[in-house]
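Heads up: the structure comes next, in structure tokens.
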Amino acid sequence: MLEMFPYPSGRLHMGHVRNYTLGDVVARFKKAQGHNVLHPMGWDAFGLPAENAALERGIHPGTWTRQNIKDMRAQFMPLGLSLDWEREISTCEPEYYRHEQKMFLDFVKAGLAYRKESWVNWDPVENTVLANEQVIDGKGWRSGAVVEQRKLNQWFLKITHFAEDLLTSIDGLERWPDKVRLMQQNWIGRSEGARVLWPLLDSAGKGIGEKLEVFTTRPDTLFGASFCAVSPQHPLAAKLAETDTALAAFIAECNKAGTSTATIEAAEKKGYDTGLQALHPFIEKWTVPVYVANFVLMEYGAGAIFGCPGHDQRDMDFARKYDLRVSCVVAPKNEDAKDFAAKLESGNEAFTGDGVAINSDFLDGLAVTEAKRAAIAKLEKIKLGTGTVQYRLRDWGVSRQRYWGCPVPIIHCEGCGAVPVPDKDLPVKLPDDVTFDKPGNPLDRHPTWKHVDCPACGKTAVRETDTFDTFIESSWYFARFCSPDSTDKPFDKKAAMAWLPVDQYIGGVEHAVLHLLYSRFFTRAMQACGYLDLKEPFGGLFTQGMVCHETYKSPEGQWLSPADVTKSGETAVRNADKVPVTVGRSEKMSKSKKNTVDPQHIIDTYGADAARLFMLSDSPPERDLEWTDAGIEGAWRYLNRLWRMAAAARDIGARELPAFASLSGNAQGVVRHAHRAIHGVTEDLEKFRFNSAVAKVREFSNAIGELTLDDDGAKAAYRFAVGVLAQLINPLAPHIAEEIWATLGNANPLVDSAWPKHDPAMLEESTVTVAVQVNGKLRGTITVAKNADKAIYESTALALEGVQKYLGGKPPRKVIVVPEKIVNIVAA
RNA sequence: GCCCCCGUGGCGGAAUGGUAGACGCAACGGACUUAAAAUCCGUUGACCGGUAACGGUCGUGCCCGUUCAAGUCGGGCCGGGGGCACCA
């Protein structure tokens, strides 16, 4: 049982409380059912916020982080989580990250990690690389400086090596939400197509002895080609720019624009005609112009495309802008090809649907799929292309120019290149004496740390000063939990194989792709290096919804915290001056909107059980939860009521439950209900229907509350029922459950007790009440013996006054009897 | 633009194709109390008729279909949310 471990921000928030409550319910439930449960906790302790704190407050990131861990651990305690704190790990400690360094070096050996020059978002003020999501409108999120595209040497993990396996194995992740599986599929983005080679000619029509490789998913539309285009970062573009200053300027402009989503969206499609011509692979002596275009991505496919404006909207836009030929080579089956082609070629809409090839020589008449196949066959025959599979997924760049992360264990030597730090010198520890008074990476300007001798030749060399992406730590922590004290190896293989894969993993959907995909990759990479024998780290996955709250805005337009606002009905006023405030829609609790509720305060006021119960009862766990004061009050009131029932049960005194048959009808009813509740709650907990489980528990409490204690049998039944109640709420609200259990005089703690079992015989009823419909409309109900035959159902139903009224004296046309379900009478 | 999910009372939400609205919140009425809090009891989908018990009609975003029977299945709209996004 594992929940995604938290970043130690220093403050517990409601999202944590929900996440860990859900996990704890499962952990306690499974333990009661007799499973051996491992439920550990740790800290995802590297990361940027620590450096920001250092920058803003002059605290060392390590000091800040370790203090936060201490504070947060203390905040976790009152929640009553059944965590194994003996296995606690913290990823910022060398005991943890040293293994990561070793694994990385093994990955390098295995060809799963490599170094290459790549284009990155570079913030010239902060002197660091920015992730795409840190680039807003082409500017650095913190410095506001225009982000540049720079070529930098970066380490990559070869996640694409497993692209096909990562994709096909998704089918086997049956206990993962479909949504997440789909998101991963889309992210990996497999597409089948062809690589096509276009011999290049100069403007005079003479061959330059080179071929341009492009990737396409539509080789069937090759006869509709009207241009080729390469990425501004394509080697061909760079080569041509050496002698073409206008092109060089164009490329520089493209690189300046950045690669953030927003920038790309805003950017207009632009191209630069290189003057080169590309020779069509199928049509003799036919050429198309070659452009450098800003919308062609270097990282995907071959970094170059051929444009077929008739059947790709983007190419169509480009063709219209630069006045290129548009020709139709696919027409829908049931339309007149000539008319369709004429319409398409004069319009601005590309046709991307299915159809039949036209104006395409040997492809004419073939459907799209067949035409693709035929085109690829021909390309392969004339050696100007091959069929290929392309993935959207790219290798994982893991270098970060930051301090608070795991150092990359590499030494750069002028003579030997990138040399791995020898095993005996691991871990490469982060130096503590660093300063944050200047922008950039403190490791880089540390006076001594990076200067070392080359392990290979002994000459002076320098350490790599980049650190790893913090997603690496969280890609294997689940394995570390299996043997957290292992010193020679990251974890004991046997222990890992005994515990893994994680049976139930719980966390937010925001990690649906990155963290979960990285972990799946890492597990495969660890397998390839012999660390374990496993592909998939997480057998079952559950993604919980966010915790939301209404937002409040003052008349001055400032966000207000719920703590500063008093609500009455639909209106709300500011506490300080009673001025009415605007009540906004409910949104995910966040500091920026100030709509957070402090868990500490809630726990102090109502206790952990109330907070847990409310979070479980109000919404299904996968959906967003709306935090309301009224809701937590309700949970609190219910706990009080439970306690009063426990006191009443205690006052009854210990007694055996007499034989069922000797009980009064009401007492029998409660005992039966207990069995029904055990059955229902067990099933709900198995299926993560916690809100429904709480509803059933409350229903059961209501039934107990209605029992009048007028004889010994009833008293015994009451006591019995309260005991069952305690057992059932134990995973949900463990503190009060344990108290009730003890109050009833049980010597052994509830936490060590087995989950109750229902007696199937107790669920059996001798009679059954079913609905009676006439023409599908409810007209009454009948109660008959459980195994009555259909004729009894029919005659009893037809005898109903309400039924007769609607039949109007005529015999029914048809009577449908579904035993134990319904009787539906079709009137004549 | 592409892909996915979701639309049920005043609100959160229940409901293997079979009595829609379980359970809770809020609201209202009552009991207890000098009073309040707490607690307990009751009412609460909409509309129509009836003094009343009660009776009737409509009702799960909208339209169409499948079925004896649709919140649930299929098709088409509308609205909300999420993911990806110049991926060739």
Side-chain angles (χ1 to χ4, degrees), chain A residues 177-187 189-191 193-194 196 214-218 221 228-229 231 259 261-265 267-269 293-297 299-308 311-315 317-318 352 390-394 509-510 512-513 569-570 586 613-614 617-620 622-635 637-638 640-641 644 689 691-702 705 769-782 802 805 812-818 820-827:
Chain A
D178 289 343
K179 180 169 71 168
V180 174
R181 303 202 301 178
L182 200 77
M183 279 163 76
Q184 294 217 349
Q185 274 166 15
N186 292 340
W187 188 265
R190 183 184 199 272
S191 47
V196 184
V214 307
F215 174 73
T216 178
T217 55
R218 294 296 301 273
T221 64
C228 283
S231 163
T259 58
T261 313
T263 342
I264 286 167
E265 202 171 5
E268 201 186 336
K269 285 177 189 50
N294 65 345
F295 63 88
V296 182
L297 303 174
E299 299 86 20
Y300 187 76
I305 59 158
F306 84 83
C308 174
H311 306 283
D312 182 293
Q313 193 54 50
R314 191 187 36 204
D315 296 345
D317 297 345
F318 192 79
T352 54
Q390 186 67 44
Y391 300 91
R392 206 193 73 110
L393 182 70
R394 289 169 206 170
V509 241
E510 64 271 24
V513 176
E570 289 305 297
S586 181
L613 200 66
F614 169 64
S617 66
D618 216 47
S619 287
E622 69 277 10
R623 245 186 264 181
D624 287 351
L625 176 87
E626 170 71 14
W627 182 271
T628 61
D629 291 345
I632 183 78
E633 293 267 358
R637 277 200 301 269
Y638 175 65
N640 283 309
R641 191 165 150 231
R644 287 193 297 274
R689 294 190 302 220
N691 57 327
S692 179
V694 173
K696 288 192 174 80
V697 164
R698 294 187 85 136
E699 238 173 315
F700 179 39
S701 323
N702 291 345
T769 302
V770 304
V772 178
Q773 302 179 333
V774 177
N775 292 338
K777 289 197 170 145
L778 182 71
R779 296 303 174 193
T781 57
I782 55 170
K805 201 166 103 189
R813 193 150 61 94
K814 195 175 173 187
V815 179
I816 292 123
V817 176
V818 184
E820 295 179 40
K821 289 275 161 67
I822 204 160
V823 178
N824 191 10
I825 297 158
V826 186

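Letters A, B, ... mirror the listed sequences (proteins, then strands); counts begin at 1. From a predicted model like this one, the values you see are computed outputs, not experimental measurements.
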Answer with base, sugar-phosphate or nothing: what part of the nucleic acid does A:T216 contact at a heavy-atom distance below 4.0 Å?
-> sugar-phosphate

Give me, pair by pair, the N or O atoms of the protein and of nucleotides 80-84 of chain B that are less than 3.5 Å apart, along with how far apart they are.
unit_1, atom_1, unit_2, atom_2, d
B:C84, O3', A:R392, NH1, 3.1
B:C84, O2', A:R392, NH1, 3.4

Whole-angstrom distance between B:A26 and B:C78, as gauged at atom C1' = 30 Å

Those residues at least two apart in sequence (or on a different chain) that pass side-chain contact (heavy atoms from CB on, under 4.5 Å) with A:R394 are A:L297, A:E299, A:Y300

Provide the distance between the two C1' atoms, one in B:A70 and one in B:C4, to the nearest whole Å.
-> 24 Å

When you compare B:A14 with B:U72, how far apart are their C1' atoms, in angstrom units rounded to a whole number?
-> 13 Å

Taking atom P in both B:G83 and B:U19, what distance in whole Å separates the two?
-> 38 Å

Taking atom P of B:G12 as reference, at what distance in whole Å does atom CH2 of A:W627 sit?
-> 17 Å

Looking at residues at least two apart in the chain, or sitting in another chain, which of them share a side-chain contact (heavy atoms from CB on, under 4.5 Å) with A:V513?
-> A:M183, A:W187, A:L517

Using atom CG of A:L625 as one end and atom P of B:G24 as the other, report the distance to the nearest whole Å.
-> 18 Å

List for me each residue that meets side-chain contact (heavy atoms from CB on, under 4.5 Å) alongside A:D624, sequence neighbours excluded, and say none if there are none.
-> A:M546, A:C548

Separation of atom CD in A:Q313 from atom C1' in B:A85, rounded to whole Å = 15 Å

Could you list the residues that satisfy side-chain hydrogen bond (donor to acceptor under 3.5 Å, both in side chains) with A:R641, not counting sequence neighbours?
-> A:N702

Taken in chain and number order and not counting sequence neighbours, the residues that satisfy ring pair (Phe, Tyr, Trp, His ring centres under 6.0 Å) with A:F318 are A:F227, A:Y291, A:F295, A:Y322

If you take all heavy atoms of A:H311 and A:R218, which pair is closest and at what distance?
-> O-NH1, 4.3 Å

What does A:G634 touch in the nucleic acid at a heavy-atom separation under 4.0 angstrom: a base, only the sugar-phosphate, or nothing?
-> sugar-phosphate

d(CD1, A:I305; C1', B:A88) in whole Å | 6 Å

Between atom OH in A:Y638 and atom C1' in B:C25, what is the gap in whole Å?
-> 16 Å

Give the B/S/- string for nucleotides 56-69 of chain B, one per nucleotide from 5' to 3', where a protein heavy atom under 4.0 Å of the base yields B, of only the sugar-phosphate yields S, and otherwise -.
-> SSS---------BS

Mind checking A:V296 for me? I need base, sugar-phosphate or nothing, with any heavy atom below 4.0 Å counting as a touch.
-> base

Taking all atoms of both residues into account, what is the closest heavy-atom pair of A:C228 and A:F306, and its distance?
-> SG-CB, 3.9 Å

Can you give the dot-bracket line for RNA chain B, using ( ) for pairs inside the strand, [ ] for pairs that cross earlier ones, | for pairs with another strand and . for unpaired bases, where Watson-Crick and G-U count if both distances are under 3.5 Å?
-> (((((((..(((.....[....))).(((((.......))))).(((((....)))))..(((((..]....))))))))))))....

P spacing across the pair B:C47 / B:G80, given as an integer number of angstrom | 28 Å

Quick one: list whatever passes side-chain hydrogen bond (donor to acceptor under 3.5 Å, both in side chains) with A:R698, sequence neighbours left out.
-> none

Only counting residues at least two apart or in another chain, list the ones meeting side-chain contact (heavy atoms from CB on, under 4.5 Å) with A:I822.
-> A:A771, A:Q773, A:V818

Should the pair A:R181-A:D178 be classified as a salt bridge under the 4.0 Å nitrogen-to-oxygen rule?
-> yes

Please tell me which of the listed nucleotides, B:U19, B:C23, B:C4, lies nearest to the side chain of A:L778?
-> B:U19

Check every atom of B:U19, B:C4, B:G13 against the side chain of A:N691 and return the nucleotide holding the closest atom.
-> B:G13

Proximity to the side chain of A:D618 - top-ranked nucleotide from B:G24, B:U19, B:G12 | B:G12

Which part of the nucleic acid, if any, lies within contact of A:D317, taking any heavy atom under 4.0 Å across all strands shown: a base, the sugar-phosphate backbone alone, or nothing?
-> nothing

For A:L625, does its backbone N or O pair with a side-chain atom of A:D618 as donor and acceptor, under 3.5 Å?
-> no

Of all residues at least two apart in sequence or in a different chain, which pass the ring pair (Phe, Tyr, Trp, His ring centres under 6.0 Å) check with A:Y638?
-> none

Which is true for A:S692 with a 4.0 Å heavy-atom rule: it touches a base, it touches only sugar-phosphate, or it touches nothing?
-> nothing

Quote, to the nearest angstrom, the P distance that separates B:G10 from B:G21.
-> 16 Å

Atom C1', compared across B:U34 and B:G42: separation rounded to whole Å | 26 Å

Any A:R314 side-chain N or O less than 4.0 Å from OP1/OP2 of B:C87 = yes

Between N or O atoms, less than 3.5 Å apart, protein on one side and nucleotides 36-45 of chain B on the other: list the pairs.
unit_1, atom_1, unit_2, atom_2, d
B:U39, O3', A:R644, NH2, 3.3

Here the distance between atom P of B:C25 and atom CG of A:L613, to the nearest Å, is 11 Å

P atom, B:G1 versus B:A15: distance in rounded Å?
-> 36 Å

Measure from the side chain of A:I822, starting at C-beta and using heavy atoms only, and say which of B:G13, B:C23, B:G18 lies closest.
-> B:G18

